[in-house]
Every structure is written in C-alpha cells, then in structure tokens.
> 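Pasting a structure below so you can have a look.
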Amino acid sequence: MSDCECADISRNAFEDINVITGVLKLFFRLLPIPLITFEAYSSFIAAAKKPALGERLEALKEALNSLPPAHYQTLKFLMAHLYRVAERQKYNLMTPQNLSTVFCPTLMRCPEIGGVPDQLTAWHAESTVIEMLITHHRQLFDH
C-alpha cells in the first residue's frame with residue numbers, strides 16, 4: 001500500500017465490528033496519559049458525585065475545560081460517536097450504560113495516589129462519568 005492509500009475499514013473488509021472496536025479501545029488503553037488525564041481525574045469523579053443533575057453537568061463542563069485541547073477534542077468526537085451508537089440501541093443493544101462499562105477502563109485510569117483505591121467504588125464513579133459524557137454530550141461540549 002502506498003503512502004497515499006488508506007486502509008479499507010468498510011463493512012466489507014471487517015464484517016465483525018468487534019475488531020474495529022477492539023482496536024479503538026486498545027489504542028486508548030495504550031496511551032501513556034489517558035484521554036481523561038490523571039490531573040483531571042479527581043475533578044471528573046467529584047462531578048459524578050454531585051447530588052443534582054445540574055450540578056453534575058456544570059462540574060463536568062469545568063472538568064472538561066481543564067483537559068488539554070487534543071484530549072478535549074478527541075473526547076468530544078468519541079462521545080458524539082458513542083451517542084450515535086447508543087441511538088441505535090434497539091439494534092445493537094449498546095445503551096449509554098453498556099458503552100460506559102466497555103469504554104471507561106480505557107478512557108479513565110485512577111492515578112492511585114496514596115495507595116490502591118477501592119476499585120469497585122472507583123469503577124462505579126468512572127462509569128457514571130462516561131455515561132454522562134455520552135448521554136449529555138451536546139450540553140457538555142462546545143459545538
């Protein structure tokens with residue numbers, strides 16, 4: 001393949017969408033700094049724990065604005081895509097909750113400051129963050 005040719009990622013080349021999804025998740029998992037950075041992690045977790053939806057959304061906006069521009073733009077694009085996937089949940093069974101379960105380990109990694117955190121509590125909060133980013137992406141990201 002020459003430098004100007006693109007790899008074929010059409011349905012004909014990859015009938016199993018899990019192949020493409022697996023590669024995408026692996027790419028994000030192998031980043032040395034997660035898409036939701038270690039520095040921003042606690043802000044996102046704190047936002048997910050706010051009592052009212054409006055407070056959670058406002059805190060998530062602030063946390064998003066603390067991300068480096070490349071992380072913000074990539075996360076914005078990915079959440080818009082995952083929202084479109086969730087819109088077709090009748091056919092693909094991928095609700096925002098299911099998508100957050102699949103993607104949160106690759107997009108957020110606890111910085112493990114002061115020892116090992118309670119993994120179950122951390123996972124629940126991380127999953128909540130990703131689910132909210134998917135569900136409310138239009139309100140959270142500048143469009």
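Positions are given from 1, in the same order as the sequence printed here.
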> Taking all non-hydrogen atoms of both residues into account, name the closest pair between Ala125 and Ile45 and its distance.
CB-CD1, 3.7 Å

> Quick one: does Arg88's side chain have a donor or acceptor within less than 3.5 Å of a partner on Met94's backbone?
no

> Atom CG in Leu133, atom NZ in Lys76: separation rounded to 0.5 Å?
13.5 Å

> Rounded at 0.5 Å granularity, tell me how far CZ in Arg109 sits from CD1 in Ile36.
11.0 Å

> To the closest 0.5 Å, what do you measure between CG (Leu35) and CG (Leu67)?
7.5 Å

> Would you mind telling me which of Glu62, His136, Lys50 makes a side chain to side chain contact (heavy atoms under 4.5 Å, CB included) with Leu57?
His136

> Donor-acceptor pair, distance only, cut-off 3.5 Å: does the side chain of Gln89 make one with the backbone of Ala86?
yes

> Indicate, with yes or no, if Phe27 and Met108 share a hydrophobic cluster defined by side-chain heavy-atom contacts under 4.5 Å among Ile, Leu, Val, Met, Phe, Trp and Tyr.
yes

> Say whether, by atom type as modelled, one donor and one acceptor occur between the side chain of His71 and the main chain of Ser66 under 3.5 angstrom.
no

> State, to 0.1 Å, how close His137 and Met79 come at their nearest heavy-atom pair, and which atoms those are.
CB-CB, 4.1 Å

> Count the heavy atoms belonging to other residues, nucleotides or ligands that lie under 6.0 Å from CG of Leu24, then report whether that count exceeds 12.
yes

> Just how far is it from atom CZ of Phe44 to atom CD of Glu126, taken to the nearest 0.5 Å?
12.0 Å

> Looking only at heavy atoms, what is the nearest atom pair of Pro51 and Arg56, with distance?
O-NH1, 3.2 Å

> Could you report the tightest heavy-atom contact between Ile134 and Tyr83, atom names first, then the distance?
O-CD1, 3.3 Å

> Take Leu26 and Arg29 through the test side-chain contact (heavy atoms from CB on, under 4.5 Å) and record every step on the way to the result.
CA-CA 5 Å; Leu26 180 62; Arg29 189 177 316 119; 3.7 Å; yes

> Working to the nearest 0.5 Å, report the span between CG of Leu107 and OG of Ser127.
11.0 Å

> Is there side-chain contact between Met132 and Leu53, with at least one heavy-atom pair below 4.5 Å?
yes

> In terms of hydrophobic clustering (I, L, V, M, F, W, Y; side-chain heavy atoms under 4.5 Å; direct or indirect links), are Leu31 and Ile130 co-clustered?
yes

> So, taking the atom named OG1 in Thr37 and the one named CD in Glu39, what distance separates them when rounded to the nearest 0.5 Å?
5.0 Å

> If every non-hydrogen atom of Phe38 is compared with every non-hydrogen atom of Pro32, which pair is closest and at what distance?
CE1-O, 3.9 Å

> Would you name the heavy atoms of Tyr72 and Phe141 that are closest together and state the gap between them?
OH-CA, 3.3 Å

